[in-house]
Amino acid sequence: MLSASRSRSWALYLLLGAVVLGTSSASAQAAGLTPVELKEPSAINTGDTAWMLMSSALVLLMTGPALALFYGGLVRRKNVLATMMQSFILMAIVSVVWAVIGYSLAFDVGTPFIGGVRFAFLREVGFGPCEYAPTIPHTTWMVFQLMFAIITPALICGAYAERMKFSAMVLFSTLWLVVVYCPMAHMVWGKGGLLNAFLPGPGVNSPALDFAGGTVVHISSGVSALVCALVLGKRAGFGRVAMPPHSVVLSFIGAALLWVGWFGFNGGSALAANGLASSAFVTTHFAAAAATLGWVVMEWVKTGKPTVLGAISGAVAGLVVITPASGFTTPMYGMLMGFIGGALCMLAATSLKSKFGYDDSLDAFGVHGVGGTLGAILTGVFAVAAINGKPGLVDGNPNQVIPQLIAVGITWAIAIVGSLILLKIVDAVIGLRVIEADEMEGLDLTQHGEAGYHMEESDSTLAWSPKERAAAYGPGGDEPAVGAARLSQP
Amino acid sequence: MLSASRSRSWALYLLLGAVVLGTSSASAQAAGLTPVELKEPSAINTGDTAWMLMSSALVLLMTGPALALFYGGLVRRKNVLATMMQSFILMAIVSVVWAVIGYSLAFDVGTPFIGGVRFAFLREVGFGPCEYAPTIPHTTWMVFQLMFAIITPALICGAYAERMKFSAMVLFSTLWLVVVYCPMAHMVWGKGGLLNAFLPGPGVNSPALDFAGGTVVHISSGVSALVCALVLGKRAGFGRVAMPPHSVVLSFIGAALLWVGWFGFNGGSALAANGLASSAFVTTHFAAAAATLGWVVMEWVKTGKPTVLGAISGAVAGLVVITPASGFTTPMYGMLMGFIGGALCMLAATSLKSKFGYDDSLDAFGVHGVGGTLGAILTGVFAVAAINGKPGLVDGNPNQVIPQLIAVGITWAIAIVGSLILLKIVDAVIGLRVIEADEMEGLDLTQHGEAGYHMEESDSTLAWSPKERAAAYGPGGDEPAVGAARLSQP
Amino acid sequence: MLSASRSRSWALYLLLGAVVLGTSSASAQAAGLTPVELKEPSAINTGDTAWMLMSSALVLLMTGPALALFYGGLVRRKNVLATMMQSFILMAIVSVVWAVIGYSLAFDVGTPFIGGVRFAFLREVGFGPCEYAPTIPHTTWMVFQLMFAIITPALICGAYAERMKFSAMVLFSTLWLVVVYCPMAHMVWGKGGLLNAFLPGPGVNSPALDFAGGTVVHISSGVSALVCALVLGKRAGFGRVAMPPHSVVLSFIGAALLWVGWFGFNGGSALAANGLASSAFVTTHFAAAAATLGWVVMEWVKTGKPTVLGAISGAVAGLVVITPASGFTTPMYGMLMGFIGGALCMLAATSLKSKFGYDDSLDAFGVHGVGGTLGAILTGVFAVAAINGKPGLVDGNPNQVIPQLIAVGITWAIAIVGSLILLKIVDAVIGLRVIEADEMEGLDLTQHGEAGYHMEESDSTLAWSPKERAAAYGPGGDEPAVGAARLSQP
Amino acid sequence: MLMIEAVIKPNKLDEVKAALANLGILGMTAVECKGYGRQLGHTERYRGAKMDVGFVPKVLLKICVKSEQSQQAIDAITIAARTGAVGDGKIFAYPVVQVVRIRTGEAGDEAI
Amino acid sequence: MLMIEAVIKPNKLDEVKAALANLGILGMTAVECKGYGRQLGHTERYRGAKMDVGFVPKVLLKICVKSEQSQQAIDAITIAARTGAVGDGKIFAYPVVQVVRIRTGEAGDEAI
Amino acid sequence: MLMIEAVIKPNKLDEVKAALANLGILGMTAVECKGYGRQLGHTERYRGAKMDVGFVPKVLLKICVKSEQSQQAIDAITIAARTGAVGDGKIFAYPVVQVVRIRTGEAGDEAI
Ligand SMILES: Nc1ncnc2c1ncn2[C@@H]1O[C@H](COP(=O)(O)OP(=O)(O)O)[C@@H](O)[C@H]1O
Ligand SMILES: Nc1ncnc2c1ncn2[C@@H]1O[C@H](COP(=O)(O)OP(=O)(O)O)[C@@H](O)[C@H]1O
Ligand SMILES: Nc1ncnc2c1ncn2[C@@H]1O[C@H](COP(=O)(O)OP(=O)(O)O)[C@@H](O)[C@H]1O
């Protein structure tokens with residue numbers, strides 16, 4: 001029965017799974033899974049709720065403004081707004097999709113691969129707690145998870161920056177949320193999910209440790225980013241003209257805010273204001289610190305200069321690496337993981353791209369794909385039972401590495417297949433890339449009709465009137481003399 | 001008795017009400033109102049207190065840096081500092097006035113229109129809770145309310161940006177706080193206030209629903225903004241020269257921080273870390289998300305391009321619209337309200353101004369006036385008893401729309417009359433606008449003697465010495481040859 | 001016995017104290033001090049923990065991005081990244097040192113001057129509370145204190161900005177943390193510390209009031225900053241060429257975030273979400289507000305224009321002044337202290353430097369040294385027993401001023417001697433300043449090989465190829481014709 | 001052909017453009033620059049420290065015109081850019097020996 | 001000696017530089033500027049308000065060359081900067097009476 | 001009258017200004033620009049990727065002087081701007097046929 005429902009789920013999946021889910025809830029119950037339990041509002045703890053509301057706010061802060069700034073600073077001036085817009089529009093779209101169906105697909109019980117539709121339109125998501133987080137309102141749990149669903153597709157933007165059509169990006173991200181993110185979240189965190197280590201279903205289970213989203217968030221987005229970079233191809237002029245970040249200052253603000261926000265991401269994943277939350281918070285901090293040093297030391301040795309972009313990239317890499325482990329390992333091991341992660345992502349971001357020749361513009365894969373994979377595996381190595389009851393290799397349980405590798409493999413597979421199919425579909429429907437002339441002029445003007453900065457002293461930016469033009473050049477005088485296309489979008 | 005005290009209060013009001021309030025407290029008691037009860041510190045709940053302190057911090061964050069950035073990015077480069085300064089100086093001035101008298105006028109019992117002076121100089125505002133918020137320190141409640149009092153006059157700045165004298169702006173805002181804000185806050189939230197739905201006085205009462213300040217904060221500031229725009233007149237060159245935002249990037253940062261800070265604004269208005277706080281938080285988020293889409297979709301359809309400034313303006317509009325309803329309606333209705341609000345404010349901001357020809361420079365009225373009014377009315381429509389015990393139209397109580405309309409009407413009236421009188425007074429005393437030459441040179445230099453940016457590579461910005469000048473041009477050589485005024489303030 | 005251990009500690013100290021501390025823990029016990037008590041996790045209060053985790057996040061926010069922006073905006077464009085990097089690298093380095101040994105030296109019992117090594121490598125720093133903060137996890141207390149240890153050396157950066165070698169800055173800050181900060185923190189807050197007013201040792205004790213770090217953080221950093229400014233000397237061209245802030249806008253964002261973050265700094269120092277935390281929060285806010293006015297009014301009177309940089313500097317000055325007093329005095333006294341502090345620091349920042357002719361580039365001494373000293377003394381004046389059980393001068397206890405002065409004196413002495421010795425050592429080992437040519441070119445390019453901004457419209461920034469160069473200029477054609485050194489670092 | 005270079009006040013750019021448009025001259029190139037001259041710069045203040053900024057922001061406008069139109073153009077600019085106050089700016093004119101329109105390769109008067 | 005001033009599209013700078021390098025010309029000075037001419041500017045929209053920006057960002061390239069090289073250089077620039085579309089820009093050339101290399105004091109052709 | 005255009009190192013602007021002030025020349029116009037020439041640009045590194053920046057930031061100074069003062073001015077600039085290192089910059093001078101002071105309409109030497 002279960003395997004039947006599973007294979008059905010796979011079939012669904014290959015059909016881009018988003019459509020016919022009405023029955024999965026029923027089939028789950030048939031498979032012996034009790035539905036997600038809801039509790040009385042009286043079970044709410046104010047301290048836990050305060051912490052989780054703040055954590056939710058912090059995780060939203062990670063997307064806007066933090067990630068928007070981090071990415072926005074790294075692109076060229078002519079693309080800054082378009083890049084920040086990608087994060088912002090996802091704050092809007094993912095929220096709506098989450099309320100309508102996404103939350104339910106991820107967290108209702110269903111098959112081991114995807115949830116049912118019980119919570120669609122936020123039905124039954126009320127004041128009282130639910131089984132996932134028994135001391136906070138169900139709404140708090142739902143919105144905390146939503147903030148994760150927002151940042152994940154936003155991370156992918158780094159790969160297709162400076163060349164993807166806005167409409168294509170919107171369509172791709174929306175589909176990706178339903179087809180890749182929701183199933184991943186369900187498998188790892190949903191009740192009865194295939195990889196769920198805490199609320200496993202009665203059938204096949206490969207309990208992977210992923211405290212705050214190493215697989216669900218970082219591998220899935222990082223690997224999808226690689227696929228995007230490969231499918232879209234390089235930016236015009238890539239390798240020939242210099243494309244320095246237009247403002248490392250903006251990126252710096254973004255990275256520092258990411259660091260602060262990540263306390264909500266990882267610390268909040270304890271779902272309560274307790275010792276575990278504190279431990280995850282502290283471990284996260286030390287990993288970020290050590291990773292900063294890891295990256296900076298590596299480049300100081302290799303190139304003779306420690307860079308600011310290196311320092312902030314290192315911090316982000318460390319935060320990525322520690323995400324799955326933050327609630328399973330100790331602060332000192334966290335420091336070690338961070339240092340390794342910073343050093344390794346430095347190598348990934350600086351050499352992989354040039355070696356394989358793809359244009360992952362802002363290193364979404366180099367940081368999130370590589371760092372996420374590393375973190376997921378190292379979680380199996382450095383987990384310590386004293387923290388959260390789950391031992392890893394260093395705590396005498398070499399077996400934990402296996403389900404970690406399985407989870408990594410599944411995530412890579414889903415991300416690659418899912419993204420590839422979705423990109424092809426979007427390309428067929430509306431096309432992925434802007435035309436080259438628009439790319440040269442910049443996405444800000446061509447996609448949004450705006451410029452990031454107007455720094456001129458003079459107010460005089462008005463155009464000649466058509467009358468003036470006609471008097472000087474004759475009628476139609478502004479038409480190209482030799483019939484060439486105007487450098488502007490149609 | 002009561003009506004006597006009320007008419008006295010109106011008389012006071014017309015006399016700009018701020019002065020002789022010593023007796024209103026006594027008259028209130030004569031009217032049968034018990035004073036605001038104070039409780040023992042032992043009643044404090046740590047979780048609620050943690051949430052309310054953080055919410056207070058978040059609401060301050062909304063003014064500085066969020067609103068300062070949002071507005072600062074929208075003005076021209078030469079006015080960026082002056083615009084940010086307006087928010088910052090209000091953080092200082094409003095705080096002092098609030099401690100001295102503002103808090104007492106708003107939250108002591110008094111007449112239905114204004115409070116007494118029991119809490120002047122923060123007397124009796126101590127460690128224990130008070131009746132308004134029975135599980136947190138009185139100081140916490142007081143400072144949470146202060147943060148609202150700060151942002152409200154700061155919102156008005158958007159209307160008179162780029163042309164108002166700094167001194168005039170300081171004087172106007174201070175008077176406005178006492179004459180418009182404190183009475184409004186008292187009526188809606190103060191014990192015994194005319195419109196208070198939860199702690200009504202014994203006499204006339206028109207219980208309006210305003211969870212977090214749709215009337216008190218947004219209508220009052222938005223409508224006053226319109227009055228300012230009309231009284232001050234247009235910026236020099238308005239309509240003739242282009243006045244593009246000098247940095248949509250700054251505005252973006254501001255808007256994203258506003259979104260995050262609004263969780264404290266609305267979520268904190270539950271005054272505890274409970275299911276209602278969580279519900280208000282979630283409803284707020286979905287309204288912002290839907291409003292972003294509402295604005296963007298409208299302009300995509302109308303003009304062919306979705307803009308970044310549109311997206312962030314939409315989010316702010318949605319947050320405004322949901323403010324009064326956030327603790328009375330459901331997340332899904334919130335989404336609907338947000339979408340309507342985003343679309344409507346888009347029309348307001350793009351067509352009202354050009355139709356009526358006023359220069360509400362940064363759309364303070366278009367967003368806060370229009371959005372606030374819409375939100376206040378829709379709160380009567382979409383309130384659901386299951387959330388906070390108050391049903392609206394959709395929940396079978398069409399009557400709730402009436403007090404909402406009354407509250408809107410009173411707020412418009414007070415804002416228009418109050419602002420008009422205050423502007424005339426300030427104009428008479430020190431003048432509202434800078435001279436045109438200063439406006440051309442920019443407020444940063446003329447009001448504050450500073451420039452927002454110094455981006456030159458070279459350090460060489462020193463002036464000729466007087467000796468050098470004399471040698472070259474002869475003594476007085478820098479005097480205008482034909483007697484014209486130097487382009488600089490006197 | 002005690003005096004023996006003390007004199008040994010002093011000897012250690014003069015030997016730069018950082019090395020052989022293994023025995024101090026033992027000697028402390030010999031001196032009759034019980035070790036820091038650890039408690040069961042069951043004592044944890046979720047509300048307090050939520051508040052303290054958020055406070056920790058807020059204090060990290062103060063360093064990155066807030067302080068980095070505040071300082072980064074004040075320097076010239078060519079040094080913006082280098083200045084921000086100083087804050088960021090300290091977030092990394094201090095964290096690692098703190099885990100390894102710093103926390104233990106500060107908070108293990110030991111001698112009255114420095115702690116032992118019991119907590120080195122975070123041993124025994126676990127889920128349960130400790131004596132310092134009995135309702136939150138030990139890890140939370142440890143990480144909250146870490147955030148203070150990060151910002152303190154980062155404050156010093158303001159004095160040596162735009163001219164110190166990155167490597168020298170890293171080495172100096174690391175040593176300074178161990179040699180100046182850890183002993184200071186131990187003396188004031190460590191169990192059995194010389195100046196500890198709450199957990200004094202059995203021997204000599206001079207119980208100074210320092211709620212959140214007026215001595216430990218602000219005097220120590222501010223005075224060390226003065227020493228740095230004097231030892232490093234002025235920036236090239238100081239007094240001859242203009243060095244305006246390259247972006248007051250960035251500094252504004254930083255200052256506003258500092259204000260918000262300071263709620264965690266001072267409010268969090270109550271170590272619980274209670275009436276005291278709320279009182280400290282409120283007092284802090286009013287001090288900042290009044291100090292903003294203090295500075296602005298002073299300069300409005302003196303120079304005719306209120307400036308934006310003045311307003312934000314005033315706010316920071318007020319926050320510094322109130323830090324030691326925030327949990328001991330009332331909000332109204334806090335307002336008074338803030339106003340005095342704002343006005344006085346205005347005088348310090350504008351006249352001290354020019355009078356004595358040193359180049360404290362960003363006024364780290366003028367604000368933190370002067371403000372910190374003022375605040376420490378005024379804490380003895382304005383402490384009120386009703387707030388935290390400790391009366392000061394206004395509450396009938398003139399004696400409290402004495403230990404405040406002693407604490408100030410000790411802090412000045414340690415900061416001066418410690419910084420002087422460390423600077424000399426670092427100068428000898430790797431040299432403090434960059435060469436003048438590098439200073440002219442800017443630290444961003446010479447220390448980090450990066451530029452803060454790339455605002456050009458054009459993508460064309462690539463250099464001539466060696467082949468092209470050789471063809472045009474002949475081989476070696478780019479060598480200086482007259483043998484002068486190239487304007488770039490070796 | 002003559003190249004006219006006019007250093008003008010930034011907020012006069014609109015009027016100068018309009019005056020030239022009247023003569024049928026729409027082609028020009030504008031460069032932001034800093035003028036040093038009779039007109040005083042301004043003073044900024046940072047934490048009380050006075051900072052005399054020596055230059056005044058100007059716009060350098062380059063307009064290439066046919067020789068026969070040059071006097072007309074110079075006069076038009078002079079009138080449009082004038083406020084009568086110090087700092088109105090200057091106009092410089094110098095002969096150009098060759099002009100090429102890149103798009104077509106046309107040269108001389110045709111190319112202007 | 002001639003000074004060549006070329007107003008070109010910013011993204012053609014690389015190709016123009018390469019073309020000049022071919023002739024052995026590496027010395028030049030580039031200034032960001034705003035071009036007004038036949039080529040239309042673009043339209044921005046802020047909250048629905050249309051804003052026609054009149055200018056187009058250009059680069060003004062100044063290259064001083066020996067008289068005998070000038071035609072070659074102008075031709076090279078013309079070809080390299082051409083897209084065939086309006087807005088390709090213009091080249092102006094005028095005689096320079098003196099050139100000095102500051103470093104050495106050399107003057108004339110030597111100094112270029 | 002001559003227009004002197006000097007491309008100099010940005011940090012020499014002060015000294016050049018002082019040297020010209022010595023001659024009584026205070027009127028000038030400065031433009032930020034990018035110089036390409038013998039002097040190497042610098043290298044930046046972003047995430048390990050080397051980026052050779054080809055240009056060096058320079059200031060283009062335009063000074064219009066009376067013919068009889070031109071040699072003096074050129075010499076003064078040459079000396080003041082010299083460091084002896086590559087990249088000191090160049091001076092170009094060309095005749096100007098007309099100068100107008102916008103404020104007064106004065107023309108010729110009077111207007112400088
Ligand atoms: N000799 C000169 N060479 C080049 N530019 C000059 C010269 N004299 C003045 N200018 C430019 O003209 C501008 C206006 O000159 P200024 O002396 O301030 O006013 P006015 O022309 O009204 O006397 C200056 O800011 C400068 O840019
Ligand atoms: N008469 C002129 N004087 C100075 N610059 C000019 C003149 N005409 C055109 N330009 C410059 O050349 C650029 C290109 O000219 P434009 O008329 O748009 O295209 P095209 O040369 O292809 O006809 C303009 O943007 C402007 O900077
Ligand atoms: N032929 C030229 N035309 C225009 N500008 C030039 C020319 N040659 C050099 N320059 C300018 O002069 C600057 C200095 O030249 P460079 O060759 O680096 O040093 P040097 O003059 O000391 O040999 C360059 O950066 C460039 O701006």
Side-chain angles (χ1 to χ4, degrees), chain A residues 41 44-51 53-54 56-58 60-61 63-65 68-69 72 80-82 84-85 88-89 91-96 99 121-122 125-128 136-137 139-140 142-143 146 166 247 250 253 273 444 447-457 459-462, chain B residues 45-48 50-51 54 58 76-78 135 237 240-249 252-253 255-257 259-260 263-264 267 272-279 281-282 285-286 288-293 296 303-309 311-312 314-315 330-332 335 440 453 455:
Chain A
I44 287 177
N45 176 297
T46 57
D48 293 343
T49 304
W51 172 236
L53 289 177
M54 275 312 307
S56 304
L58 285 174
L60 184 68
L61 180 90
T63 305
L69 284 168
V80 57
L81 290 184
M84 297 178 82
M85 179 67 160
F88 203 83
I89 204 70
M91 288 165 60
I93 291 175
V94 171
S95 299
V96 172
F121 294 98
L122 302 182
V125 181
F127 280 41
I136 61 173
T139 49
T140 306
M142 181 275 298
V143 85
L146 162 56
F166 179 66
S247 172
L250 289 186
I253 307 177
D444 289 4
Q447 299 294 296
H448 305 293
E450 296 169 297
Y453 307 91
H454 274 281
M455 287 299 185
E456 57 275 354
E457 311 269 354
D459 281 345
S460 175
T461 51
L462 291 182
Chain B
N45 176 297
T46 57
D48 293 344
W51 172 237
M54 274 313 307
L58 284 174
R76 284 163 293 171
R77 173 189 182 158
K78 61 187 176 187
T135 61
R240 194 175 49 75
V241 298
M243 299 176 174
H246 91 282
S247 172
V248 177
V249 172
F252 182 100
I253 307 177
L257 290 178
W259 188 330
V260 171
F263 291 141
N274 54 17
L276 181 59
S278 180
S279 178
F281 184 116
V282 168
H285 179 76
F286 284 120
T292 304
L293 297 181
V296 166
T303 72
K305 275 186 188 160
T307 70
V308 180
L309 183 54
I312 62 178
T330 65
M332 293 308 293
M335 211 181 276
M440 304 290 277
Y453 307 91
M455 287 300 186

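When reading the values below, keep in mind they use all heavy atoms of this one structure, side chains included, and skip hydrogens, waters and symmetry mates.
- Comparing A/Leu53, A/Ile253, A/Ile44, A/Leu81 by heavy-atom pairs within less than 4.5 Å of chain B, the highest count is held by A/Leu53.
- With chain A as the partner, the residue from B/Ile312, B/Asn274, B/Leu58 showing the most heavy-atom pairs under 4.5 Å is B/Ile312.
- No other option in A/Ala82, A/Gly128, A/Ser95 has as many heavy-atom pairs under 4.5 Å with chain B as A/Ser95.
- In terms of heavy-atom pairs under 4.5 Å with chain A, the best-connected choice from B/Ala288, B/Ala277, B/Ala273, B/Ala311 is B/Ala273.
- For the pair A/Leu60 and B/His285, the minimum side-chain heavy-atom distance is below 4.5 Å.
- For B/Leu276, the parts lying under 4.5 angstrom from a heavy atom of chain A are both the backbone and the side chain.
- With a 4.5 Å cut-off on non-hydrogen atoms, A/Ile136 does not touch chain B at all.
- Of the two parts of A/Leu69, only the side chain, counted from C-beta on, holds a non-hydrogen atom closer than 4.5 Å to a non-hydrogen atom of chain B.
- Residues A/Phe166 and B/Pro306 form a side-chain contact, since some pair of their non-hydrogen atoms from C-beta on lies under 4.5 Å apart.
- Considering every non-hydrogen atom in both B/Ala289 and A/Met91, the closest pair reads CB-O, 3.9 Å.
- Of the possible polar contacts, none joining the B/His246 side chain to the A/Met455 backbone as a donor-acceptor pair under 3.5 Å is found.
- Of the listed residues A/Pro137, A/Ala68, A/Gly47, the one with more heavy-atom pairs under 4.5 angstrom with chain B than any other is A/Pro137.
- Listed for the A/Glu450 side chain is a donor-acceptor partner under 3.5 Å among the backbone atoms of B/Val308.
- Using a 3.5 Å distance cut-off with no hydrogens or angles, the side chains of B/Ser247 and A/His454 do not pair a donor with an acceptor.
- In this structure, the separation between CD1 on A/Ile89 and CG on B/Leu293 is 5.5 Å, given to the nearest 0.5 Å.
- A 4.5 Å side-chain heavy-atom check between A/Met54 and B/Met54 finds at least one atom pair inside the cut-off.
- Heavy atoms closer than 4.5 Å to chain B are found in both the backbone and the side chain of A/Val96.
- Applying the side chain to side chain donor-acceptor pair (under 3.5 Å) test to A/Thr46 and every residue at least two apart in sequence or in another chain returns B/Asn45.
- Of the atoms belonging to A/Leu250, it is side-chain heavy atoms, and not backbone ones, that fall under 4.5 Å from chain B.
- Between A/Leu61 atom CG and B/Leu257 atom CG the span is 6.5 Å, to the nearest 0.5 Å.
- Across A/Gly64, A/Pro41, A/Gly126, the residue that shares the most heavy-atom pairs under 4.5 angstrom with chain B is A/Gly64.
- Of the listed residues A/Phe121, A/Phe88, A/Tyr453, the one with more heavy-atom pairs under 4.5 angstrom with chain B than any other is A/Phe88.
- Taking the ring-ring contact (aromatic ring centres under 6.0 Å, His included) definition, one finds that B/Phe281 meets it with B/Phe263, sequence neighbours left out.
- The two residues A/Ala50 and B/Ala50 make their nearest non-hydrogen contact at CB-CB, 4.4 Å.
- There is no side-chain donor-acceptor pair under 3.5 Å between B/Ser279 and A/Thr139.
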